[in-house]
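All figures in this text were calculated on a predicted structure; none of them were measured in a lab. Convention: sequence-line order gives letters A, B, ...; per-chain numbering from 1.
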Amino acid sequence: MDFDLSEEQNLLRQSAERLLADQYDFEARKQHGQDEPGWSRAMWAKFAELGLLAIPFSEEDGGLGGGPVELMLVAEAMGAKLTLEPYLPTVILGGGILRRAPESLRQRWLEGVIAGTTLLSLAHAERQARFTLSDVATRVRLDGDHYVLDGDKSLVLAGDSADALVVTARLNGERRDEGGIVLLLVDAKAEGVTRNGYATQDGRRAAEIQFRNVRVSQDNLIAGPETGFALLQAVTDEAIAALCAEAVGAMSAISGLTVEYLKTRKQFGVPIGSFQALQHRASDMYVELEQARSMALFATMMAAEQDAAKRGRAISAAKVQIGRSARQIGQEAIQLHGGIGMTMEAAVGHYFKRLTMIELMFGDTDHHLRRVAETVGPL
Amino acid sequence: MDFDLSEEQNLLRQSAERLLADQYDFEARKQHGQDEPGWSRAMWAKFAELGLLAIPFSEEDGGLGGGPVELMLVAEAMGAKLTLEPYLPTVILGGGILRRAPESLRQRWLEGVIAGTTLLSLAHAERQARFTLSDVATRVRLDGDHYVLDGDKSLVLAGDSADALVVTARLNGERRDEGGIVLLLVDAKAEGVTRNGYATQDGRRAAEIQFRNVRVSQDNLIAGPETGFALLQAVTDEAIAALCAEAVGAMSAISGLTVEYLKTRKQFGVPIGSFQALQHRASDMYVELEQARSMALFATMMAAEQDAAKRGRAISAAKVQIGRSARQIGQEAIQLHGGIGMTMEAAVGHYFKRLTMIELMFGDTDHHLRRVAETVGPL
Amino acid sequence: MDLRFTDEEVAFRQEVRDFIATNLPAETRERLQSGHHPTRDDIVNWQRILNEKGWAVPHWPEEWGGTGWGPVKQYIFREELQSAPAPEPLAFGVYMVGPVIAEYGSEEQKKRFLPRIANLDDWWCQGFSEPGAGSDLASVRTTAVRDGDHYIVNGQKTWTTLGQYADWIFCLVRTDKEAKKQSGISFLLIDMKSPGITLRPIVTIDGGREVNEVFFDDVRVPADQLVGEENRGWDYAKFLLSNERVGIARIGVSKERLRRIRELSASEHASDGTPLISDPRFAEKIAEVEIDLKALEITQMRVLAAERAEGKGKPNPLSSILKLKGSQIQQRTTELLMEIAGPYALAYEPEREEGSNEPPIGPEWAGLSASTYFNARKVSIYGGSNEIQRNIIAKAILGL
Amino acid sequence: MDLRFTDEEVAFRQEVRDFIATNLPAETRERLQSGHHPTRDDIVNWQRILNEKGWAVPHWPEEWGGTGWGPVKQYIFREELQSAPAPEPLAFGVYMVGPVIAEYGSEEQKKRFLPRIANLDDWWCQGFSEPGAGSDLASVRTTAVRDGDHYIVNGQKTWTTLGQYADWIFCLVRTDKEAKKQSGISFLLIDMKSPGITLRPIVTIDGGREVNEVFFDDVRVPADQLVGEENRGWDYAKFLLSNERVGIARIGVSKERLRRIRELSASEHASDGTPLISDPRFAEKIAEVEIDLKALEITQMRVLAAERAEGKGKPNPLSSILKLKGSQIQQRTTELLMEIAGPYALAYEPEREEGSNEPPIGPEWAGLSASTYFNARKVSIYGGSNEIQRNIIAKAILGL
């Protein structure tokens with residue numbers, strides 16, 4: 001049992017943190033957000049340069065062969081700076097699926113992903129599904145040597161700037177069946193694909209995407225109807241683990257900002273941090289932060305677990321803790337900042353909004369709490 | 001809309017409070033608890049003298065014709081002093097049922113109740129029922145001009161000292177049916193009645209009572225199988241309303257003790273009440289107390305409502321608020337008192353224990369929250 | 001003791017409800033129901049409709065348009081407005097500066113300003129807070145120096161709600177630098193068109209533009225726009241703030257939002273395809289707030305009853321509960337709404353607010369749910385933060 | 001980074017578990033499982049079994065019986081004891097005075113006391129707290145005045161846990177009244193049979209008799225029972241208190257209680273006749289605590305890993321979390337147990353604890369559930385109250 005990072009891991013963490021410290025302070029972030037398409041392509045190129053985009057891919061595929069720990073380190077660093085770039089959709093979701101795709105697809109796409117020239121996204125969620133991962137109404141059928149895709153996908157993260165989309169679609173079975181879901185790689189500019197991009201509450205981008213009679217050649221099949229769901233589930237769990245780490249980075253930053261504010265802000269002639277009631281609330285925030293950090297570590301450790309039930313229970317438990325901590329820390333940070341926390345001019349509100357959205361993504365706290373309650377076995 | 005008490009009500013409240021202030025301080029209470037049978041018969045006689053035992057009975061029956069407001073005033077005063085005497089079982093539960101009994105029964109029993117010479121209790125709860133009011137397995141059958149009673153009753157409040165028992169038993173139907181439950185008046189010393197008395201966590205008394213072939217003459221029937229359950233329900237709701245008022249009295253007292261302790265107890269050279277973190281927690285206790293007081297008023301107002309569904313929803317809502325407030329206030333009172341709060345030597349722990357038991361009686365907080373959640377309509 | 005409303009009060013509530021049902025523009029009601037803020041026009045139109053009816057400023061002296069209603073009727077009236085939902089009157093005129101002018105203003109000021117407030121001919125805003133002052137309202141650094149029959153005002157105000165629409169601003173200004181903190185403050189009425197005033201919007205975390213900074217650079221203010229006496233402004237401010245607490249629990253708003261929560265959780269579906277409300281946990285979360293709100297409503301009644309009994313002079317200690325618990329309930333309802341929206345709370349749709357034709361990302365109402373949640377964080381900060389309320393309870397009520 | 005235990009650690013856990021399974025008297029285990037406190041004999045017997053195995057005092061210097069285990073193995077050992085459940089070692093000897101004597105005592109004191117502590121031949125109790133001192137442990141008023149080769153001790157101690165069984169007490173006494181607070185305190189070992197010592201039991205709210213007051217009336221204590229130097233007792237006390245934090249999270253205890261909660265909520269029935277655990281709300285309440293506990297367990301691992309890396313000298317700031325959150329979780333589990341018992345928590349059955357033949361009122365375990373809940377309120381008060389922990393976090397960690 002140890003929490004030590006290897007030399008490489010330490011190096012990775014340091015270099016990511018250094019880059020972001022240099023180029024991603026609050027003012028720089030504002031600038032990045034005004035770039036087209038809502039984040040900075042220049043930063044993305046720097047991520048590529050530093051190897052951040054290569055982490056989860058095998059050395060054979062030109063990657064670094066990193067695992068959940070490496071992704072955790074990067075996600076936490078990015079969370080602390082609220083980076084806007086599509087690391088989650090491209091590297092963790094799209095990349096997580098593609099790195100398990102047949103070799104021909106990996107060869108065709110991964111080089112560009114790693115180089116930062118190809119952006120991916122996962123087009124999976126649908127309007128009616130809420131948080132049920134297997135709820136896929138988008139249909140696909142085989143027509144000669146092509147698949148033909150029809151359906152509407154929603155809240156595709158950074159879907160408006162993606163070059164290629166991993167799309168889930170139902171080849172057979174009922175709407176919520178786990179069997180019958182296939183994963184296809186679809187060119188984002190293919191005929192019949194219509195994208196409607198928009199801003200999200202946390203200053204990022206997403207898209208509603210319609211697929212109308214989209215023809216996809218057979219060699220773009222990533223996973224067939226027997227294995228599609230398991231793959232989707234594994235990658236979703238990895239994404240939740242990374243999201244937990246990102247949230248810890250953000251919670252750590254927002255807690256730090258709050259403590260700093262308590263020290264410097266004066267009212268009635270003294271720093272408000274000298275008021276014991278506020279001290280105790282800051283202490284409770286700290287406890288919540290460290291409990292969340294522990295569960296993010298747990299999620300990281302369990303993200304690569306092969307037993308899907310065991311993994312799912314652990315990931316859900318982590319998401320619950322992150323959700324509870326994020327809500328308490330986020331709300332308290334705003335409250336302790338007072339009026340200034342209500343404005344877009346202070347960083348604290350931006351963290352609060354991102355943390356709130358993380359709560360709602362990939363299943364909210366109630367959803368995951370139910371998953372833990374309804375399953376058995378030790379955590 | 002007004003919260004004003006009539007002159008009579010004010011007088012009643014004042015005289016009850018005065019009697020208890022004189023004769024029921026913490027030290028006196030210890031003495032009363034050591035009297036046989038675990039409470040003070042002398043105090044009971046004083047309650048009778050003051051007319052407290054006559055409140056809910058009609059003037060025709062020799063009572064004062066009071067209603068929920070009068071009972072609230074007395075219950076709150078008793079809660080503030082943690083009186084041990086069986087007011088709830090005799091006057092509110094047993095009395096509440098008897099005052100709706102046929103005239104012959106009222107004539108036979110109420111004089112003694114009002115004079116303080118007859119003690120009643122309600123033998124209703126059974127081991128398997130948990131909080132389901134209609135769960136009655138005790139059987140009764142008609143044998144000539146007698147009812148014959150068989151079954152086990154549990155947690156009969158002050159059942160060991162009662163002279164007469166109101167017993168619920170099933171004449172027909174399934175175990176949880178609302179129909180088929182009858183109410184009988186049974187002499188506590190009748191043949192076949194075995195009582196096993198014991199202390200409860202809050203320093204009161206209860207009994208497990210076995211009925212084996214107990215023969216009860218027909219004229220002891222209070223309510224038949226069509227009306228028994230409705231009567232039971234109405235009186236239970238009245239009892240919950242009174243219990244809410246009692247809890248408010250206890251919460252008010254324990255909050256007062258805590259604030260007093262914060263003012264006088266010194267640590268590190270200053271009164272601990274000067275620590276802002278403790279001040280804010282005391283403030284939150286105050287908020288909870290006043291919210292509970294409001295809901296006890298609501299329960300009082302709704303206790304006489306004829307529409308059982310409407311009444312039940314309101315009573316449950318009040319019980320939820322009381323339960324939440326009691327837990328927070330009780331736990332905080334102990335915590336703010338520190339070590340001394342953990343001992344039987346300080347009053348605070350006695351209040352805490354009574355409040356905890358009130359939470360668990362007549363349905364706990366979860367039970368009543370579910371009742372509110374599952375029903376519709378405005379509160 | 002009777003917690004029910006009297007027959008007369010019940011009839012009055014019906015009268016108000018009927019009037020709103022008949023006269024509130026449908027478009028306004030729908031905008032509010034779907035979670036949007038009322039527009040400037042919504043507020044102005046509705047105020048004029050009320051004014052025509054004689055209900056514009058119920059709590060004012062009858063001479064200036066007051067209705068003479070007691071506290072209970074005033075409460076019923078506000079609750080009906082909130083739960084209609086209708087736009088609430090612009091507080092800065094109707095609840096804040098209006099009563100101050102009516103109480104302390106000169107006869108000339110009353111004639112000049114009060115009717116125009118009642119009819120919302122003048123849009124007022126508030127110039128109390130200053131940067132860095134936070135809950136310490138008396139720390140006023142904006143100065144007003146007498147120069148003949150004018151004051152010259154210099155300084156900066158902040159958190160000025162809806163200042164972008166304002167014709168007038170009422171300000172606390174320092175007129176005596178030597179006096180200690182609360183002395184030396186005066187209460188000035190200033191025309192927003194005065195040269196030297198500039199406005200800078202502050203964008204709030206919901207993306208809205210509700211509040212502003214106001215800068216005063218050698219602004220000349222006629223001396224007859226001073227309310228009452230020089231250097232006694234803090235007294236008037238305290239009077240104003242005590243009025244601000246009326247209706248601070250916003251019970252009608254929470255009631256209306258709970259109605260929507262019940263309705264939407266019956267139409268939105270949980271992951272398993274059943275309505276959210278049939279999930280026992282979610283139903284119980286709603287029930288918990290309903291109980292909180294009922295308790296607060298009765299607490300509100302107790303405050304009203306005490307006011308009626310004792311007259312309005314003495315501030316009721318329970319009013320700190322109204323603020324504390326009222327804000328927590330409001331915030332909780334916005335959490336529940338956002339949880340119903342679930343993933344569809346993610347989309348940020350400010351364009352739609354400004355009337356775009358794009359279809360919404362999720363259900364119509366969901367796009368605003370996160371913004372509403374974000375915005376509602378303010379209610380435990382402004383108007384005396386909840387920490388201040390706890391201090392008040394600890395000191396003024398518990399004697400700690 | 002690997003959060004899993006090493007193979008060696010896993011094997012060690014199994015070894016401990018097997019040893020407990022084989023050697024823990026069944027009667028003792030059952031008593032603890034049903035929620036009772038261990039008896040004096042339970043504790044003594046089990047300690048002697050451990051001593052025979054060489055596991056009596058793992059954390060002591062090897063010379064005096066320590067096993068040389070690192071922090072992880074020590075943690076595993078304690079967790080296995082707690083979750084067996086086996087009696088925990090009597091802390092006052094094994095965790096408190098033992099390490100102090102081993103570190104600061106004379107060679108003669110070590111030989112005289114340490115083996116008898118390891119074998120529980122001497123039952124020790126603690127004489128630190130005094131009436132009215134509360135969290136301010138340094139406010140010691142009990143005096144020890146040197147008189148030849150004795151000290152004469154006068155004063156009063158309180159909250160002395162299980163003092164009724166004690167052969168010895170270790171005390172903080174004031175030996176220099178002129179010195180300021182923390183100076184002038186000495187650390188004395190006192191035979192409980194000394195003339196002039198009287199004990200008064202304090203009954204706690206669970207009806208138990210765990211704690212006592214101890215009165216010292218001209219008690220003569222041989223001077224060679226002074227530990228270390230005169231007037232340096234506060235240093236030794238701080239050393240002792242820092243050891244007290246080991247295992248303060250009591251994760252094993254909470255794990256065992258959660259197992260019982262799951263088990264009992266599957267056998268006890270809700271009002272509708274289905275098992276309580278099938279009520280989604282109740283199942284989620286359990287899941288919430290399970291998640292809390294898992295998070296705390298990992299936090300505990302982080303503390304252990306840091307200790308292993310940095311040596312035990314530096315107190316880890318996370319240990320305040322262990323105390324704060326650990327106590328909250330323990331208390332929460334007792335609430336859930338009581339809620340499962342429901343109405344059957346009402347009966348007070350101390351007679352049954354003393355071995356009566358009366359049948360229990362409710363299910364066997366239910367009669368203790370309220371007492372356990374009441375008793376557990378202490379865990380957020382003693383050993384540095386949770387308010388003190390929040391102060392420590394605010395000051396030592398956050399720098400407020």
Side-chain angles (χ1 to χ4, degrees), chain B residues 1-6 9 68-69 72-73 255-256 258-260 262-263 271-276 278-298 300-302 313-314 316-321 324-325 366 368-376 378-379, chain C residues 1-6 9-10 71-72 75-76 255 258-259 262 266 277-288 290-306 308-309 317-318 320-322 324-325 328 386-387 389-400:
Chain B
M1 191 206 66
D2 77 276
F3 296 84
D4 306 334
L5 299 178
S6 69
Q9 289 168 336
V69 173
M72 173 188 83
L73 297 173
S255 300
T258 304
V259 168
E260 203 44 45
L262 291 175
K263 284 178 187 167
I272 60 174
S274 66
F275 296 127
Q276 196 199 29
L278 306 192
Q279 289 177 358
H280 280 202
R281 284 162 65 179
S283 298
D284 285 339
M285 286 171 71
Y286 174 76
V287 172
E288 281 305 307
L289 167 63
E290 293 305 325
Q291 289 284 85
R293 193 188 300 281
S294 289
M295 285 308 267
L297 285 164
F298 182 55
T300 300
M301 183 181 83
M302 297 297 287
R313 192 168 147 78
S316 285
K319 188 71 166 51
V320 170
Q321 179 64 52
R324 296 189 296 201
S325 295
D366 277 3
H368 286 289
L369 182 59
R370 183 163 314 116
R371 251 177 95 182
V372 177
E374 283 175 356
T375 53
V376 285
L379 278 176
Chain C
M1 170 142 54
D2 190 347
L3 286 168
R4 286 165 303 188
F5 290 103
T6 62
E9 287 159 352
V10 171
V72 177
Y75 169 76
I76 291 173
K255 275 191 179 174
L258 266 170
R259 261 199 297 272
R262 275 211 169 273
I277 189 84
S278 67
D279 167 2
R281 182 178 174 83
F282 203 81
E284 286 172 16
K285 282 161 81 165
I286 298 175
E288 281 176 336
E290 282 181 326
I291 295 166
D292 275 337
L293 184 60
K294 184 73 207 180
L296 192 66
E297 189 180 11
I298 293 166
T299 306
Q300 168 82 71
M301 299 291 153
R302 290 164 58 200
V303 172
L304 291 176
R308 195 166 49 183
L318 289 176
S320 281
I321 298 187
L322 298 180
L324 242 178
K325 205 79 196 179
Q328 289 166 350
N386 285 8
E387 288 71 37
Q389 303 303 330
R390 289 194 184 93
N391 284 345
I392 292 173
I393 293 173
K395 297 214 177 345
I397 304 179
L398 306 179
L400 289 172

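Contact annotation: the side chain of C:Q389 never approaches that of B:H280 to less than 4.5 Å [non-hydrogen atoms, C-beta and beyond].
In terms of heavy-atom pairs under 4.5 angstrom with chain C, the leader among B:E374, B:R370, B:R324 is B:R324. Between chain B and the options C:I298, C:I321, C:N391, the largest number of non-hydrogen pairs under 4.5 Å is found for C:I298. Heavy-atom pairs under 4.5 Å with chain C were tallied for B:Q9, B:E260, B:K263; the largest tally goes to B:K263. Interface check for chain B: of the options C:E297, C:E288, C:E9, C:E290, the most heavy-atom pairs under 4.5 Å are formed by C:E288. The residue among B:D4, B:L369, B:V287, B:V372 with the most heavy atom pairs within less than 4.5 Å of chain C is B:L369.
Taking OG1 from C:T299 and CG from B:L297, the interatomic distance works out to 9.0 Å, rounded to the nearest 0.5 Å. Expressed to the nearest 0.5 Å, how far CG of C:L304 lies from CZ of B:F3 amounts to 8.5 Å. The distance from atom CZ of C:R390 to atom CG of B:D284, rounded to the nearest 0.5 Å, is 4.5 Å. Atom OG of residue B:S283 and atom CD of residue C:E387 lie 11.0 Å apart, to the nearest 0.5 angstrom. Rounding to the nearest 0.5 Å places CD of B:Q291 at 10.0 Å from CG of C:L324.
Proximity to chain B (any heavy atom under 4.5 Å) is shown, for C:I286, by neither the backbone nor the side chain. Only the side chain of B:Q276 comes within contact range of chain C, with at least one heavy atom under 4.5 Å from a heavy atom of that chain. There is no contact between C:L258 and chain B, counting heavy-atom distances below 4.5 Å. Using a 4.5 Å cut-off between heavy atoms, C:E284 contacts chain B through both its backbone and its side chain.
Of the charged side-chain nitrogens involved, at least one lies within less than 4.0 Å of a carboxylate oxygen, so that C:R302 and B:E290 count as a salt-bridged pair.
The shortest non-hydrogen separation linking C:A295 to B:Q321 is CB-OE1, 4.1 Å. Here the closest non-hydrogen pair linking C:I291 and B:M295 is CG2-CE, 4.0 Å. Among all heavy-atom pairs drawn from C:L398 and B:V259, the shortest one is O-CG1, 3.5 Å.
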